[in-house]
Amino acid sequence: MTKQDDRSGPAGASHRDAAPVPILSTDVFDTLLLRRAVSERRRTAILAQRLAARLPTACPRRWQQIYTARMAATKIAHRMLNAVTDTGDVVLGRLIRLQLGMLALPSDTFDLFLHTELEVESDHLFANKQLAATLRAHRVSGGRVIAISDTPYSAQFVTELIAQVAGDGIVDKIYTSSDWQATKRKGELFKKVIAAEGVAPHCIRHVGDDAHADDRMAAHAGVATVYQPRSRWHVIRRRASGAIMEAEWRLSSAAASKSKNPSAEPALTSSFDFGVHVMGPILFEGCIGLWSHLSSLSNPDSVRALFCARGGLRMRLAFERVLQRCALPLDVQYRDFMTSRLVAAKASLLCETDATLSEIGRVYSGKSMNEFIAGFGGTPLDEPTFADQGIDETAIRAFLKNPASRPFRELLEHHTTLYRTYIDQCTEGAQNLILVDTGLYGSTLRLLQAAYPQYRWSSLLLARSNYTTLPEEHFRSTVGIWVQRNGYSPFDVRSSILRYWQLIEALFEPDLPTVSSFSSDGGAIRSNLDARRIDDVLRRETTPLFDGAMAYLDALAPADVIDHHATGQRAWLRLRQALRFPTSEDLAFLRVPKRSIDFGVQGHMEATPVQRGGSLAMTLGQIRGASWKEGAAARAFPHLRPLTNAGLEAVQIIRYLRALAKRPGLSRKSTENPAS
């Protein structure tokens, strides 16, 4: 088939040449309605400019704010679609409502956004007259014409677009991915269309411009296809439009930031002050990001958000404070979830999955089998064969098959039954379960996916990073709100938190034991923490850093949602400075107590374990093993602090550049961050 001239778009000649069929099907955008060579980014900017001019005077917004909110809402919606449901499509109505929340606009402006979107779309489309004539002729001859489109728009919206751009009398019925929550690109929408039309697949001939969605997937469903792409010149012009818009946006953003003259940073004299002015805006950004991700879901009734003990419990307190102070609506139901890596590993251990065995092998490396048995709540064995045997995957498999492990296996079976019942009680029939926690690797998610595959598990973390050497299959259903990166980048301000993640753990995790066991109380399943008055502990046993951050949230107003990015960016820059080049005051503000190793392992670890008076070799070894190396170096060599921390930063830059050279595109792929 010859390529068609781009001015007329996909032609109808191929339809006349082919054998007649009862149903002609057409893609909508770039097939029946041809887009002008204007990128989506440019159209979004035009949409934002028109909305800014039309909003009521009572709620003025700059077009840049509207543009940023729409781009972020779209990115978040697609990210959550892939992570949580992996099916269906984004819905325009949900995008607009999310955008209104980000802009603190009243719900009665929804129709304005919807109508303006329709207007901007119609302005940038023109009819494929030749194809439209073919479709009309097919209807006149007694045939049926349908349209199938992967789009966030509803059938009603698309109907109005077609009428405005190409006229009436073209299509009998429109199927959109947002209405049917199935897409052409995965083939599901074609199957639903075939069933709804009540015909055999070969009774439909589909024409479209997308080689994968309109040609390959339609043919895979048994539908006859006519592939009619836009010209290469059109594609080049549209991509150039997007690149120019992106360059203009970056230049204008840089100019705007330079033109601002923010007031001098307040003096920080305590951990509480650091919490108010630095951790407060950062925590607010995390809560807004969490709300945005949950609000983007098109099927909230089938979802439960589970705030995981222990760190997730304080996240829930902060999240509720932001919802209340900023009057943000939320359709997704959420609750506390008493879980841990330990109880998830107990539930999945009998399945002997690679995820469970690798996690146990990593944490219990160098320890004995009896230490592992005791850590998982079992009674250590007297047999010398197991008492001192080292831990690895082979040894664990052999132990579980040995008759001596029977009491331990019975303990795991009892735990698994109780834990499964507890999950059922928490979820109340919902199948899409989102774990909400601090981060980083998502071990609990990985273990629960292995233990209970009947649920669709996903996770929202403040940061997602593979600090282990274990596989990342579960990262497809794991979203990092602040940052998604497997290491610190000198060029990504938010990734600086990965240099001292224990700070975030200390900020959120209360002084509570880990969840390790469950019991039945009259049919209700309770964890070992349920005897404690959790909310009282969360509010009472806090730190000055967390109290300061919550004080910042307490002072919020709904309008603060709009400009949170600028405040958050300044806070991140201040935190990065404190983490990379800490002063003596920063060391005092950010010092955290020893943290338990957890996962059934006894012992504690310190972020900056430097002891004065030791040899140089011992001191360097302590710095090398510290969780916060910059802090440890600053404590060890206070007079050489600028030099030592500059050296550590240089090492990180070299490591980053080496990784970038080995894996081109790493930075672009791994720094997706809707908050930035």
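Residue numbers count from 1 along this sequence.
Applying the salt bridge (Lys or Arg N to Asp or Glu O under 4.0 Å) test to D172 and every residue at least two apart in sequence or in another chain returns R139. Applying the side-chain hydrogen bond (donor to acceptor under 3.5 Å, both in side chains) test to E188 and every residue at least two apart in sequence or in another chain returns T87. Partners of R316 according to the salt bridge (Lys or Arg N to Asp or Glu O under 4.0 Å) rule, which considers only residues two or more places apart in sequence or in another chain, are E320, D336, D535. Listed by chain and number, the residues in a side chain to side chain contact (heavy atoms under 4.5 Å, CB included) with S178 are V91, T176 (sequence neighbours excluded). Residues forming a side chain to side chain contact (heavy atoms under 4.5 Å, CB included) with A551 (at least two apart in sequence, or on another chain): F272, V276.
For the side-chain hydrogen bond (donor to acceptor under 3.5 Å, both in side chains) condition, the pairs that include at least one residue of residues 551-560, sequence neighbours left out, are R321-D554.
Under a 4.0 Å N-O distance rule, the pair E428/R335 does not qualify as a salt bridge.
With hydrogens and angles ignored, the 3.5 Å screen pairs no side-chain donor or acceptor of Q431 with any backbone N or O of S302. Although no hydrogens or angles enter the test, the distance criterion places no donor-acceptor pair under 3.5 Å between the side chain of R574 and the main chain of A571. Of the possible polar contacts, one joining the R464 side chain to the T478 backbone as a donor-acceptor pair under 3.5 Å is found. Checking side-chain atoms of S489 against main-chain N and O of F491 turns up a donor-acceptor pair under 3.5 Å.
The aromatic rings of W482 and W572 sit perpendicular, their planes meeting at an angle over 60°, well past the 30° parallel limit. Between W249 and Y67, the angle of the ring planes lies from 30° to 60°, which puts this pair in the tilted group.
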Test side chain to side chain contact (heavy atoms under 4.5 Å, CB included) applied to L573 and R576, step by step: CA-CA 5 Å; L573 289 170; R576 183 175 67 171; 3.6 Å; yes

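In summary, the side chains of T74 and E40 do not present any donor paired with an acceptor at a separation below 3.5 Å, with no hydrogens or angles considered. With 3.5 Å as the limit, one finds a donor-acceptor pair spanning the side chains of Y488 and R580. Side-chain contact, N486 with E472: a donor N or O sits under 3.5 Å from an acceptor N or O. In this structure, a donor-acceptor pair under 3.5 Å is absent between the side chains of H220 and R216.
Contact of the R42 side chain with the E248 side chain is registered, since non-hydrogen atoms from C-beta on lie closer than 4.5 Å. Taking the side chain as every heavy atom from C-beta outward, D209 and D214 approach each other to under 4.5 Å.
The residue from L283, D437, L313 that alone fulfils the side chain to side chain contact (heavy atoms under 4.5 Å, CB included) condition with F508 is L283.
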